[in-house]
Amino acid sequence: MAGKLMIPKVISVTPNEGATSITPDRAFGRIECGFEKKSPEIVYDFGKKVTGYLELKVGQNSGDTFVLRYGPTRDCLHMKEKIRMPADGYFLSEFYYACRYIAISVESESIQANPVFADIEALRLISSQYPVVYAGSFTSGDADLDTAWRRGAYTIELCMQKYKESCRFRMKDFDRTIGAFSTQWKGPFGDYVLMDGPRRDREAWLGDIRAEALGAYTAFASYDVCKNSLALFCDLQRRDGTTVGSGSTWQNFIEYNYWGIIAFWESYLYSGDRAFLEKCLPVIRNIIAFTESRLNGDGFISNDASWMWTIPREGYNAGTQAILSYALVCAAKAERAFHFDREAERLERLSERIRDSINRIFWNEERGVYEERLRITADRMPVLLDINCYCIDFGIADREKAGRILDYLRKHMWTEYGSATMDCEITGAEPDPDITCYPLTHLIKQAKDPKAEMYKFMWGHNRTVWPFMNAYEVQARFLSGDTDGAVELIRRCWCHPYFDETDTFWEMVHPKNPVFNSGTMYYIPKDDCYNSAAHGWSGWIGYLMQTYMLGVSPVTPGFGKTRIAPQLGSLETLSGEVPTPEGSIDVTVRKTSTVYTVRVSAPACIDVSVDIDREELGNRRPEIVITGR
């Protein structure tokens with residue numbers, strides 16, 4: 001089995017009622033205990049969150065059982081597994097482990113009073129993730145920002161796993177159709193897909209792929225893994241034209257279809273693979289056809305699925321319409337790529353109609369924000385982060401609206417740890433009587449205290465901090481020229497030391513208790529704690545740092561024409577690389593009191609233009625040097 005070998009260190013030895021020759025200075029040796037006695041426990045540390053196949057070599061042993069506990073943090077060894085001591089002295093796990101720590105002890109399988117023992121000769125992991133090459137880079141001289149870029153890329157790296165490993169913990173729950181597909185599907189671009197994340201979900205999610213792929217393009221140029229991930233959902237398209245939201249459990253989220261359209265277009269924009277876009281075009285058209293058959297008079301599609309951040313938004317909510325409006329823009333670009341200009345114009349008009357309806361129906365002029373249509377009664381109705389970020393990022397809000405929104409978000413959403421999902425906590429909430437698709441609605445309605453049950457279920461999304469959505473606000477601030485605000489939000493959300501133990505970005509952080517295992521919203525945990533210690537969509541901040549701070553973005557597919565528009569704000573220097581299908585674009589930016597210098601080295605076939613914003617330039621003299629190679 002190919003893969004990098006990862007050898008851990010021993011960080012603790014608890015003798016309990018047994019004995020062991022293993023110490024922090026001697027990683028391997030004998031572990032033993034008497035019959036029905038509590039075994040010693042050895043804790044091994046890989047130094048950061050890793051994924052890999054467990055390889056265990058054993059000498060003399062009693063033929064009993066190893067007991068493993070493992071997890072991403074020292075106080076959260078939440079997974080447990082038993083392994084029979086191998087008769088031939090060698091064990092290699094069928095599925096990969098995702099953890100930083102592994103604790104090992106022994107347990108008797110005998111009915112007789114025999115001692116339990118094993119000589120451990122080796123314990124290590126063989127890396128399971130896609131063997132990426134770090135083709136991109138980002139260096140600012142600011143250790144926190146540089147770590148945030150590297151950590152974001154590493155988080156996405158760990159989410160590139162073989163599709164056959166999807167939902168490893170829930171394979172037993174699949175019906176025959178899903179199980180057969182999940183174990184037999186062969187991707188056209190290899191075995192790997194983008195999962196979110198490698199421990200808990202172990203599943204490809206179409207909406208998540210959109211963000212993860214952007215990070216994969218600019219950090220690794222991993223075009224094939226991203227295309228393979230999208231090809232999976234093309235193969236899962238249904239007869240009605242929609243595709244599933246999740247690649248192994250086949251959950252239904254209508255808005256994930258629209259994220260898929262966006263991701264199909266962006267795959268072409270970054271990879272330049274026109275043939276792949278051509279294969280995706282029928283899928284895009286089928287989704288659009290389904291959608292148009294169900295639009296209301298405002299051009300809105302009803303959301304009857306269960307996601308949308310687990311806040312009830314069944315029906316014509318603003319978030320779904322905002323994503324749809326941008327998906328139509330991307331679909332129009334895909335049509336133009338094959339010279340279907342008339343269809344592109346039609347899709348653009350529909351997108352504009354939806355944008356106008358969003359502004360007319362959901363904009364609150366008095367408060368200066370977009371308000372969402374929630375299907376609950378509550379003590380106070382919140383303003384949500386996602387719809388307001390989408391409206392800026394997708395060109396729905398004009399410059400005046402964008403400024404008011406960003407001011408509101410800073411005043412009402414920002415916490416010490418990033419921007420919260422809403423401006424107030426939802427309390428005293430109950431779902432509307434006629435709501436049908438909200439998750440666990442029947443359990444909430446049947447509970448002795450429906451409001452308490454509702455609060456428990458929404459816990460993870462009820463005024464919490466999700467790096468994924470914070471990235472959309474970071475993008476909104478860059479697009480609006482608020483560079484310093486964008487960088488400050490990056491520091492708040494991604495530059496805290498609580499990420500140091502895993503060296504990855506988690507799925508969420510609770511601002512009242514910013515520790516990894518801070519709570520759960522599940523009635524039956526998904527095999528472990530609720531939070532995910534390496535969630536790919538939390539890592540796409542690195543893409544934004546390369547695209548907006550370093551300023552490198554493709555104007556035409558495959559970076560044939562590339563625009564470089566740096567945004568340093570209060571920083572004085574930046575450098576980095578952005579990979580393209582033709583080779584990397586290297587950029588160095590330096591500011592002094594008098595000169596603004598941009599040096600670019602790019603493949604000769606790429607047409608590079610440098611655009612320095614007037615406010616960014618200030619009173620400095622521009623000095624631009626572009627060299628081809």
Side-chain angles (χ1 to χ4, degrees), residues 1-6 49-54 92-98 125-136 152-171 178 181-236 243-249 260 263-264 266-268 270-271 273 276 279-280 504 532 534-540 542-543 579 581:
M1 178 180 291
K4 181 176 63 177
L5 292 178
M6 295 172 287
K49 176 71 180 285
V50 294
T51 66
Y53 301 95
L54 177 65
L92 181 64
S93 63
E94 180 182 0
F95 300 103
Y96 72 78
Y97 287 60
L125 292 179
I126 305 171
S127 63
S128 61
Q129 70 266 27
Y130 181 74
V132 300
V133 174
Y134 278 68
Y154 182 62
T155 300
I156 294 174
E157 176 187 343
L158 292 187
C159 289
M160 295 181 177
Q161 301 287 345
K162 291 181 179 179
Y163 175 70
K164 70 177 183 179
E165 298 250 25
S166 293
C167 292
R168 168 257 196 269
F169 297 117
R170 285 174 281 167
M171 290 290 284
I178 297 177
F181 183 93
S182 299
T183 55
Q184 297 175 16
W185 182 78
K186 300 293 184 183
F189 300 96
D191 297 329
Y192 294 85
V193 297
L194 286 160
M195 292 185 188
D196 209 352
R199 188 199 82 248
R200 193 197 67 224
D201 289 15
R202 293 204 179 196
E203 186 162 15
W205 299 85
L206 185 52
D208 306 32
I209 285 170
R210 187 268 165 156
E212 294 164 342
L214 292 173
Y217 298 145
T218 55
F220 318 121
S222 296
Y223 306 120
D224 282 359
V225 175
C226 298
K227 288 186 292 186
N228 214 42
S229 306
L230 296 173
L232 169 65
F233 290 91
C234 291
D235 289 348
L236 286 169
T243 189
V244 299
S246 58
S248 297
T249 53
F264 289 139
E266 290 172 340
S267 172
Y268 177 46
Y270 281 85
S271 72
D273 189 338
F276 180 68
K279 291 181 180 179
C280 296
T504 51
S532 172
H535 226 63
W537 70 358
S538 296
W540 76 293
Y543 157 83

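No donor-acceptor distance shorter than 3.5 angstrom exists from the side chain of N228 to the backbone of V193, with no hydrogens or angles considered. For S93 (side chain) and F95 (main-chain N/O), a donor-acceptor pair under 3.5 Å exists by modelled atom type. Side-chain N or O atoms of S229 include one that pairs as donor or acceptor with a backbone N or O of V225 at under 3.5 Å. Here the side chain of T218 pairs a donor or acceptor atom with the backbone of L214 at under 3.5 angstrom. Judged purely by atom type and a 3.5 angstrom limit, E203 uses its side chain to pair as donor or acceptor with the backbone of T249.
Looking only at side-chain heavy atoms (C-beta outward), S127 and T51 stay at 4.5 Å or farther from each other. Counting heavy atoms from C-beta on, the side chains of L194 and I156 come closer than 4.5 Å. Counting only heavy atoms from C-beta outward, the side chains of D201 and S532 never approach each other to under 4.5 Å. Looking at heavy atoms from C-beta onward, L206 lies out of side-chain contact with L236 at the 4.5 angstrom threshold. The shortest distance between side-chain heavy atoms of D273 and Y223 does not fall below 4.5 Å.
Of the candidates K4, Q161, E165, K162, S128 forms a side chain to side chain donor-acceptor pair (under 3.5 Å) with just one, namely Q161.
Below 30°, between 30° and 60°, or above 60°: for Y96 and Y53 the angle between ring planes is above 60°, a perpendicular geometry.
Remark: Y154 OH to K49 NZ distance equals 8.5 Å, nearest 0.5 Å. Atoms OG and OH, on S166 and Y163 in that order, are 5.0 Å from each other to the nearest 0.5 Å.
Every pair tested for salt bridge (Lys or Arg N to Asp or Glu O under 4.0 Å) that includes a residue from residues 183-193 fails, sequence neighbours excluded, so the list is empty.
Pairing each heavy atom of V244 with each of F233, the nearest pair is O-CD2, 3.4 Å.
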